[in-house]
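One structure below.
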Amino acid sequence: MSPQLFNARFGRLIGAGLLACSLAAVTAGCSKSEAPAEKPSAEQIPESATEYKPENLEKEAPMADKAAPESGVDYHSFANTNDYLVKHVDFDLTADFDNKVLSGQAILDLKVLNSKNKPLVLDTRDLDIKAVRAGIGSDLKPVKFSLGKVDPHLGTPLKINLPKGANKVAIEYQTSPGASGVQWLEPQQTAGKKHPFLFTQAQAIHARSFIPLQDSPKARVTYKATIHTPKDLRAVMSANNDPDAEMDGVFEFEMPQAIPSYLIAIGIGNLDFKPMGERTGVYAEPELLEAAAKEFEDTESMLEATEENFGPYRWDRYDLLILPPSFPFGGMENPRLSFITPTVIAGDKSLVALIAHELAHSWSGNLVTNASWRDLWLNEGFTTYLTNRIMQFVYGDDRYKMEMALGYDDLKADLDDREDKDEIMAIDLRGRDPDEVFSNIPYEKGSLFLYELEQKVGRENFDKFLLDYFNHFAFQSITTEDFVKYLNNTLVKQYPDKVDAERINQWIFEPGIPEGAPHPQSDAFTKLDPIRQQWLNGESKASDIDTSGWTFHQWKYFLDGMPEKLSEEQLKELDETFKLTQSKNNEIAFSWLMIAVRNDYEPANARLEDFLVSIGRNKFLRPLYRNLVENGKTDEAKRIFEKAKPGYHPLTVKVNSKIIYGD
Ligand code: BES
Ligand code: ZN
């Protein structure tokens, strides 16, 4: 993407009163700097300024005073991407499991966009910056740098004064043990219980907690990395993994395709590899490897089907990394190596839509990327739409309809729950932490919008549109407005009677679902409604219900459709008949625990506690903790949370403590 397209405007200087911090000050609190507001000119920079000197920083104005967010402006990055673009990162990091730090250096290749020799501003969060060198080519000299005020959502800008013409910067640094994008796991938290584990999770704005860089999805980089590990562990990355790499504690990687920073990822653990197909395989702890490879054996078929319909898979291999259960998401689409929660290994492939989803991101998200977090729906909405399509290709119409219908119900539930402003796909995130705003809206509303377009123009024509879209914007980061413009030049022009600009705007820029939107349904579900109702009316017993052929999806639909309140007898009857408290399927267990919490069903308490302590996936934890709090069980929520906290990921701690403690 050409940088001009973003038209990012950097507003007023926020100079006076900025707080200046070193890493020591990050923990101790920052000191207010008395320095003048102007930025230092290049001439003021001493030749060899190695020592740290706090000073004020020029910062992108948050523009909170503007009525609407400006398209293409990334309000979640300090980086001055209009002056410089980092094109390549070369990093060398050592994982110190005893001290829970990554330390080493990152060398950034710069493209200079502005000849005024401005300081380079990078994103960091809780990094201890030890030294910075800069220069041209390999001639790098120490330069002056400073860390700005800590922003609770965004981290800390790192300002580096560059010698004239500099196109390379080398930063020596160390992460903090509490880095928001890194989880260090004790052996006890792994499947094998013998070795520690480390994984990173950079999306949305956590890459800055383990690499100082332009942490904005509009800046794309290639990378090379050397990762030093304890000798018995293997490192893998979102890059060219080699299952035959020597286990000598040094792993080399290369990602030759330009990716946004949120897709840089590292995993380290006692990992083995098993191929699933020609281009697909699984990395997992040996204890999980066989089960994972079996559960996800259809990955190769998913890959082939997606390619056939939406264009070539451009990333060489597609492997999965199975993480310990504390992983805060279901999956993360790190290129060439999706990171996956082990909680979807259900034994019956019932939850493999997650794999289809992360794979689909290889087109929607990794190839065509949202330019800012306001545009997240371009990643997640397209991906959710593609997920459903992949599930249909591989598993047929019934599965497709059920997946779609469950997605629609999720959307409805979220719409009931949210303020109007948060129902808008192109959401205004200024001043907000993207982690706090996470919802189904960009996923399911985005997908429903694309489904409506498909219905209007016909599937064949819509598939052609998608294929062209992926080719047109391949390896670029685009805004909602870029997409709308593209749509206006394609489908709106080609099918003026069927697709109109006004309705498109309504979908993207207004809350709710436009009237007349499609309502995906499944016969396999609707036939359960009278069965559930009869039981609720006392006209049948649970044991009369023939559940023998029910799929996981039907169980979920059956349970999620239960009324707010059930009697003690009803709960007992359901549980005794269907063994719900003992369910091994985590999605079913979750749906049941939601019912149990809101009805104070005591026999499920032990399972609830075990579930909350052993699983870190926020899709489950947030609703359960919220449910506990809303049902007057805040003390119980606190007790379980405090017990589980040492094993939770930093993100899990952050978003759930907000629910429980309200801070
Ligand atoms: N990219 C997302 C996870 C994400 C989104 C992390 C936004 C941080 C910020 C990933 O692809 C995802 O959507 N995961 C879902 C999968 C589900 C919808 C099938 C999850 O983890 O639940
Ligand atoms: Zn996704």
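A quick note: this is a predicted structure, and the numbers were derived from the prediction, not measured. The analysis underlying the following values was restricted to heavy atoms, covering all of them including side chains, and did not include hydrogens, waters or symmetry mates. Whatever order the structure lists ligands and atoms in, that order sets their numbers, starting from 1. Positions are given from 1, in the same order as the sequence printed here.
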Open item on the list: Please name the atom of Glu380, limited to N, O or S, that comes nearest to the Zn ion (ligand 2).
Closed with: OE1
TODO: Not counting sequence neighbours, which residues clear side chain to side chain contact (heavy atoms under 4.5 Å, CB included) with Asp298? List them please.
DONE: Lys349, Val394, Tyr395
Do any side-chain atoms of residues 336-346 form donor-acceptor pairs under 3.5 angstrom with protein atoms, and if so which ones, sequence neighbours left out?
| unit_1 | atom_1 | unit_2 | atom_2 | d |
| --- | --- | --- | --- | --- |
| Arg336 | NE | Trp315 | O | 3.1 |
| Arg336 | NH2 | Gln257 | OE1 | 2.7 |
| Ser338 | OG | Tyr318 | OH | 2.6 |
| Thr341 | OG1 | Thr343 | N | 3.1 |
| Thr341 | OG1 | Thr343 | OG1 | 2.8 |

- [ ] Assert yes or no for the condition that the ring centre distance of Tyr385 to Phe462 is strictly below 6.0 Å.
- [x] yes
Task: Proximal heteroatom of His361 relative to the Zn ion (ligand 2) (N/O/S) - done: NE2
Can you pull every nitrogen or oxygen pair between ligand 1 and the protein closer than 3.5 angstrom?
| unit_1 | atom_1 | unit_2 | atom_2 | d |
| --- | --- | --- | --- | --- |
| ligand 1 | 1 (N) | Gln203 | OE1 | 2.7 |
| ligand 1 | 1 (N) | Glu333 | OE1 | 2.6 |
| ligand 1 | 1 (N) | Glu333 | OE2 | 3.1 |
| ligand 1 | 1 (N) | Glu380 | OE2 | 3.0 |
| ligand 1 | 11 (O) | Glu333 | OE1 | 2.9 |
| ligand 1 | 11 (O) | His357 | NE2 | 3.2 |
| ligand 1 | 11 (O) | Glu358 | OE1 | 2.8 |
| ligand 1 | 11 (O) | Glu358 | OE2 | 3.3 |
| ligand 1 | 11 (O) | His361 | NE2 | 2.9 |
| ligand 1 | 13 (O) | His357 | NE2 | 3.0 |
| ligand 1 | 13 (O) | Glu380 | OE1 | 3.3 |
| ligand 1 | 13 (O) | Tyr443 | OH | 2.6 |
| ligand 1 | 14 (N) | Gly331 | O | 3.3 |
| ligand 1 | 14 (N) | Glu358 | OE2 | 3.4 |
| ligand 1 | 21 (O) | Gly330 | N | 2.5 |
| ligand 1 | 21 (O) | Gly331 | N | 3.2 |
| ligand 1 | 22 (O) | Arg617 | NH2 | 3.2 |

- [ ] Look at the rings of His361 and His357 and say which category their plane angle falls in: under 30° parallel, 30 to 60° tilted, over 60° perpendicular.
- [x] perpendicular
Open item on the list: Between Phe253 and Phe91 (judged by ring centroids, cut-off 6.0 Å), do the two rings come close enough to count as a pair?
Closed with: no
List, one per line, each side-chain donor-acceptor pair under 3.5 Å for residues 204-215, sequence neighbours excluded.
| unit_1 | atom_1 | unit_2 | atom_2 | d |
| --- | --- | --- | --- | --- |
| His206 | ND1 | Ser180 | OG | 2.7 |
| His206 | NE2 | Asp435 | OD2 | 2.8 |
| Arg208 | NE | Asp215 | OD2 | 2.9 |
| Arg208 | NH1 | His76 | O | 3.1 |
| Arg208 | NH1 | Leu154 | O | 2.7 |
| Arg208 | NH2 | His76 | O | 2.5 |
| Arg208 | NH2 | Asp215 | O | 3.0 |
| Ser209 | OG | Gly181 | N | 2.9 |
| Ser209 | OG | His206 | O | 2.8 |
| Gln214 | OE1 | Val86 | N | 2.8 |
| Gln214 | NE2 | Tyr84 | O | 2.8 |
| Asp215 | OD1 | Ser261 | OG | 2.7 |
| Asp215 | OD2 | Ala207 | N | 3.4 |
| Asp215 | OD2 | Arg208 | N | 3.1 |

Open item on the list: When you compare the side chain of Thr480 with that of Trp377, does any pair of heavy atoms fall below 4.5 Å?
Closed with: yes
